[in-house]
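Structure record follows, encoded as structure tokens.
Each chain gets a letter, A, B and so on, in the order the sequences are listed, and its residues count up from 1. Computed from a predicted model, the values in this text were never measured in an experiment.
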Number of protein chains: 2
Amino acid sequence: MTRTEFSVTVDLVLLTIRQAALQVMLVSRGIPPHQGRWALPGGFVHGDEDLGEAAARELREETGLDPRDGYFEQLATYGRPGRDPRGRVVTVAYLALLPDLPTPVAGSDAAGAAWRPVDEVRGDLAFDHDEILADGIERARSKLEYTPLATAFCPPEFTVADLRAVYETVWRVRLDPRNFHRKVTGADGFVEPAGGTVIRDRGRPAQLYRRGPATSLHPPLMREPTRPPDQRPDGRRTS
Amino acid sequence: MTRTEFSVTVDLVLLTIRQAALQVMLVSRGIPPHQGRWALPGGFVHGDEDLGEAAARELREETGLDPRDGYFEQLATYGRPGRDPRGRVVTVAYLALLPDLPTPVAGSDAAGAAWRPVDEVRGDLAFDHDEILADGIERARSKLEYTPLATAFCPPEFTVADLRAVYETVWRVRLDPRNFHRKVTGADGFVEPAGGTVIRDRGRPAQLYRRGPATSLHPPLMREPTRPPDQRPDGRRTS
DNA sequence: GCAAAAGTGTTCCCCATACACCCATGT
DNA sequence: ACATGGGTGTATGGGGAACACTTTTGC
């Protein structure tokens, strides 16, 4: 019975929506291995830490954000021999869905950290981070179907249109604004009125809402549509 | 930067349906820590193994089963300091849904392995295995809603009633046999006819079916009903 | 014949979709 | 005035739930 010794790291898939695109937080690696390449933020788990604590610590160190600003959950664990040239390293990946806060990237570690559109970085990441990122995006997509987590991408107060933009961006679809409005405001505990109104661009002012108390939606409120081939706004087809 | 050394184990949540109950494979621990208590089967990850390989190896060693007999996926990873008195041990839990095959428990390690109804063991397991088991059951429950994995609990050929019993057992509900039959046989790629018929108890012979090619069901075929309080056959209430 | 389980047909109703229409603002 | 986005009302259709009914076996 070999009791091989491992190092254990946490890696973060931090997703947000900026400029109408799904973006992921990446760091440019300053040291080998994979020096100069983009990678998911992360680091070694300390001796007295639970895994989730280590992930939350890294989140604070790298971005200044708090897990409670958005949503935070364990994603999956990766331990293929050879995935890290430094030795036998198992990494526990965490997924966070965050609002596009004016990121106070101040922290020291955060040098070289940046939001990047996921479409522009797929295939270019260090280690097995492409695989981890793909799993995180897939998880986020499916979570939107049966949980109220779309609000995790929104700031504390948001409009129905903001929330709709989340689904449209993550799923790459157009949703009918009128039916969307009814479903969201009608769903029990999904959102609750915050009182104010705001004018985003042109047109009638929109009501502001806060996250509601719901933690799950049964039946699922929003369902990822099975797209007819021409419905993608960018004209591309699903494989 | 402390690079603490960890041991890494895999633990298996093996679920099946026997005697109309959801059952989990447990081993009685022969050595400390937690000697004499029930625990999930598992073991240390070897130096040259991927995590999934280690889990599949443990499955073979402990039960003689193959991952491909049913369904197999990573569940979650647990690494709370102090969860194992032997030191800093991180465990990657895997979930398997298996048919009630005439288990060839022959293997040496399998001494003391047994299927136990999940209702009878909750709260009594070693380490943090109660938490892991609860997470596995919850994952299995929700997977049935939007995947065709209920067939993983069935032998290669099964009747619609067999499949219905899976949902009824895992969800603790009664489902209408007539509507269930139509939904299952009508869903694209969920099941396909195997040709034969079989008489289980009394009544008209039932058609046999095999697993179909579908890997996902969009929209979800079966939905866990939100139960009116009196609908549980055993009369108990959901918390 | 009778009980029991398999399987089909039919009705009703909810709810998602589609879309006409009105509201409130900036220019 | 008119363009633009916010929000409501309403008709239509598909699918799930409920259940009457037929089929095929064992006893």
Legend entry - Partner of B/Met222 under side-chain contact (heavy atoms from CB on, under 4.5 Å), chosen from B/Thr147, B/Leu144, B/Val184, B/Val166: B/Val184
Legend entry - NZ/NE/NH1/NH2 to OD/OE distance under 4.0 Å, A/Asp119 and A/Arg172: yes
Legend entry - B/Thr159 side, atom OG1; B/Gln207 side, atom CD - distance, nearest 0.5 Å: 10.5 Å
Inset, instruction - Round to a whole Å and report the spacing from NE2 of B/His218 to C1' of D/dG14. - result: 19 Å
Inset, instruction - Using only side-chain N and O atoms of A/His181, determine if any of them is under 4.0 Å from OP1 or OP2 of D/dG7. - result: yes
Inset, instruction - Quickly work out the A/Arg223 CZ to C/dT17 C1' distance and round it to whole Å. - result: 13 Å
Legend entry - Of A/Leu221 and B/Tyr209, the one whose closest DNA chain C nucleotide lies more 5': B/Tyr209
Inset, instruction - Can you sort out which residues in residues 152-159 of chain B have a heavy atom within less than 4.0 Å of DNA chain C? Ascending by number, please. - result: none
Legend entry - Within the 6.0 Å centroid threshold, strictly below: B/Tyr71 and B/Phe153: no
Legend entry - Between P of D/dG9 and CG of A/Asp176, the distance in whole Å: 16 Å
Inset, instruction - Measure the spacing between CZ of A/Arg211 and OG1 of A/Thr151 and express it to the nearest 0.5 Å. - result: 5.0 Å
Legend entry - Interatomic distance where CG belongs to B/Leu163 and P belongs to C/dG7 [whole Å]: 12 Å
Legend entry - Residues B/Arg57 and B/Asp50 bridged, charged N to O under 4.0 Å: no
Inset, instruction - Give the rounded distance in Å between these two atoms: OH of B/Tyr167 and C1' of D/dA17. - result: 17 Å
Inset, instruction - Please determine, by modelled atom types, if B/Thr16 and B/Asp100 share a side-chain donor-acceptor pair under 3.5 angstrom. - result: no
Inset, instruction - Would you please classify the geometry between the A/Phe72 ring and the A/Tyr94 ring as parallel, tilted or perpendicular, with 30° and 60° separating the classes? - result: parallel
Inset, instruction - Flag the pair A/Phe158 / A/Tyr209 as yes when their ring centroid distance falls below 6.0 Å, and as no otherwise. - result: no
Inset, instruction - State whether A/Trp38 and A/Arg116 meet the cation-pi test: NZ (Lys) or CZ (Arg) under 6.0 Å from the six-membered ring centroid, and within 45° of the perpendicular axis. - result: yes
Legend entry - OP1 or OP2 of C/dA6 under 4.0 Å from side-chain N/O of B/Arg164: yes
Legend entry - Salt-bridge contact B/Arg174-B/Glu168 (side-chain N to carboxylate O under 4.0 Å): yes
Legend entry - Atom-pair distance (CZ on B/Phe180; C1' on D/dA18), nearest Å: 17 Å
Inset, instruction - Using a 4.0 Å cut-off on protein heavy atoms (strictly under), produce a 5'-to-3' string for nucleotides 21-27 of chain C with B for base contact, S for backbone-only sugar-phosphate contact, and - for none. - result: B-BBB--
Legend entry - Separation of D/dA20 C1' from B/Asn179 CG (nearest whole Å): 12 Å
Inset, instruction - Output the residues of residues 182-189 of chain B in contact with DNA chain C, where contact means a heavy atom of the residue under 4.0 Å from an atom of the strand; sort by number or write none. - result: B/Arg182
Inset, instruction - Figure out the CZ/C1' separation between A/Arg174 and C/dA18, and round it to whole Å. - result: 17 Å
